Protein chains: 2
Amino acid sequence: MLRQAGVKVTQPRLRVLSCLLEAQAALSHAEIESWLSAEDAGELDRVTLYRVLDSLVGCGIASRSLDARGVFRFMLKSMQLAHAEHAHFHCQRCGRVFCVASMPVPTPSLPTGFVGISVALEISGLCPPCA
Amino acid sequence: MLRQAGVKVTQPRLRVLSCLLEAQAALSHAEIESWLSAEDAGELDRVTLYRVLDSLVGCGIASRSLDARGVFRFMLKSMQLAHAEHAHFHCQRCGRVFCVASMPVPTPSLPTGFVGISVALEISGLCPPCA
DNA sequence: ACACCAGATGCAACATTGTTGCATCTGGTG
DNA sequence: CACCAGATGCAACAATGTTGCATCTGGTGT
Ligand SMILES: [Mn+2]
Ligand SMILES: [Mn+2]
Ligand SMILES: [Zn+2]
Ligand SMILES: [Zn+2]
């Protein structure tokens with residue numbers, strides 16, 4: 001994937017990529033850091049991890065989003081694309097996120113000058129168990 | 001508004017409230033701080049401003065949301081309601097938020113059991129100056 | 001008018017998340 | 001195998017938000 005994307009294949013990038021490949025959800029910098037520090041290989045520098053994540057996003061392998069606390073989270077672009085076309089429901093009580101396949105995300109129609117990069121349709125409320 | 005909401009009417013709350021009443025968009029802590037520091041009255045303590053904003057959100061006068069950089073922004077709840085029907089554009093670089101009147105927020109069609117409370121259509125990208 | 005006190009304020013210290021500068025190292029290329 | 005663009009590691013810095021605590025004050029009851 002790294003070679004395909006035209007970036008250097010380095011140990012830190014391979015280690016972070018394997019995290020993202022295994023992950024079931026979007027991971028924060030802190031989560032990846034603690035996951036990696038549990039491995040046999042040495043710790044990965046905090047700043048290097050930030051820069052690895054930047055490079056993975058920059059070359060299109062990963063995507064970056066914000067969680068409810070304002071912390072950036074990362075997932076493979078391939079995984080993210082599967083969720084880009086439908087809405088997501090955020091339960092205000094339990095925090096869980098549900099896919100809402102019945103609500104497609106509309107195509108952006110922006111005023112001239114604006115460059116749209118992503119569109120998200122987010123519903124807040126109470127999920128069945130919480131309601 | 002403060003008396004109505006059942007919280008003490010204090011000078012800091014009145015000053016912050018007047019900012020939010022004048023504001024054309026959701027304001028960040030930093031924006032409110034610099035706006036207030038330009039006034040005749042003395043500077044308002046950073047921490048007090050955080051706590052005033054918390055109290056305004058807590059008593060239902062204001063609403064809190066995240067901008068594209070992960071910074072919290074605040075606006076009057078009443079004003080927020082006026083923005084519930086259209087999309088919003090978040091600049092990834094400068095954090096500013098723009099109304100996109102041309103993109104209406106779709107009516108929620110949720111699976112049975114889910115209780116929708118709010119719907120947001122959020123576009124991320126670069127605003128004209130930043131692009 | 002006055003005393004009282006829950007809660008609001010101001011200040012210092014701290015925590016978390018993310019960025020910048022710079023010296024050194026290394027993956028890939030010729 | 002030499003070279004170098006770019007990646008890494010470390011230190012310092014920046015931005016945003018939180019906690020602890022002493023002091024002050026808005027509102028209430030007398
Ligand atoms: Mn989904
Ligand atoms: Mn709007
Ligand atoms: Zn729930
Ligand atoms: Zn911008």
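The model shown is predicted, which means the values in this text are computed figures rather than measured ones. What's counted below: heavy atoms across the whole structure, side chains too, no hydrogens, waters or symmetry copies. Quick note on labels: first sequence line is chain A, next is B, and so on, each numbered from 1.
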Practice task
Report the C-alpha distance between Glu43(A) and Glu33(A) in whole Å, list the side-chain angles of each, state the deciding distance to 0.1 Å, and finish with yes or no for side chain to side chain contact (heavy atoms under 4.5 Å, CB included).
Solution key: CA-CA 8 Å; Glu43(A) 308 242 330; Glu33(A) 195 177 27; 5.9 Å; no
* Run the salt bridge (charged side-chain N to carboxylate O under 4.0 Å, His left out) check on Arg15(A) and Glu39(A) step by step: do they pass? -> CA-CA 10 Å; Arg15(A) 293 178 66 191; Glu39(A) 289 180 347; 3.1 Å; yes
Applying side chain to side chain contact (heavy atoms under 4.5 Å, CB included), run through Val57(B) and Phe74(B) and close with a yes or a no. CA-CA 8 Å; Val57(B) 172; Phe74(B) 301 85; 3.8 Å; yes
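Between the C1' atom of dT16(D) and the CZ atom of Phe74(B) lies a distance of 11 Å, rounded to the nearest Å. Between the OH atom of Tyr50(B) and the C1' atom of dA8(C) there is a distance of 18 Å, given to the nearest Å. Atom CG in Leu2(B) sits roughly 16 Å away from atom P in dG7(C) (whole-Å rounding). Atom CD of Gln11(A) and atom P of dG27(C) are 9 Å apart (whole Å). Taking atom CG on Asp67(B) and atom P on dG18(C), their separation rounds to 13 Å, with Å as the unit. Across the protein-nucleic acid pair, Leu44(B) atom CG and dA8(C) atom C1' stand 11 Å apart, rounded to whole Å. Distance, Glu33(B) CD to dA15(D) P: 12 Å, rounded to whole Å. Here dC10(D) presents its C1' atom at 14 Å from CD of Glu43(A), a figure rounded to the nearest Å.
At a cut-off of 3.5 angstrom, counting only N and O atoms as typed in the model, there is no donor on one side facing an acceptor on the other between the side-chain of Arg51(B) and the base of dG17(D). Contact annotation: side chain of Arg13(B) to base of dG7(C), donor-acceptor pair absent below 3.5 Å.
Residue-level contact check: Thr48(A) touches the bases, meaning some heavy atom is under 4.0 Å from a base atom. When heavy atoms are screened at a 4.0 angstrom cut-off, Val7(B) is found touching no nucleic acid atom at all.
A stem is defined here as three or more consecutive Watson-Crick or G-U pairs, each with both distances under 3.5 Å; for DNA chain D these stems are C:1-30 with D:1-30.
A distance-only check finds a donor-acceptor pair linking the side chain of Glu31(A) to the backbone of Ser28(A) [under 3.5 Å]. For the pair His29(B) (side chain) and Arg46(B) (backbone), a donor-acceptor distance under 3.5 Å is present.
For an aromatic pair to be called close, the ring centres must be under 6.0 Å apart, and Phe98(B) with His88(B) fails this.
Once rounded to the nearest 0.5 Å, the distance linking CG of Leu121(A) with CD of Glu85(A) reads 11.5 Å. Distance CZ/Arg13(A) to CG/Leu2(A): 7.0 Å, rounded to 0.5 Å.
Nearest-nucleotide positions on DNA chain C for Val71(A) and Asp45(B) put Asp45(B) closer to the 5' end. Between Arg73(B) and Arg3(B), the residue anchored nearer the 5' end of DNA chain D, judged by the nucleotide with its closest heavy atom, is Arg73(B).
Closest approach to the Val47(B) side chain among dA12(C), dA8(C), dG17(D) is made by dA12(C) (side chain taken as heavy atoms from C-beta onward). Each of dA7(D), dT16(D), dT19(C) was ranked by its minimum atom distance to the side chain of Thr10(A); first place goes to dA7(D). Listed nucleotides: dA5(D), dT16(D), dT17(C). Nearest to the side chain of Lys8(A): dA5(D).
Using a 4.0 Å cut-off, no side-chain N or O of Arg46(B) falls inside it from OP1 or OP2 of dC11(C).
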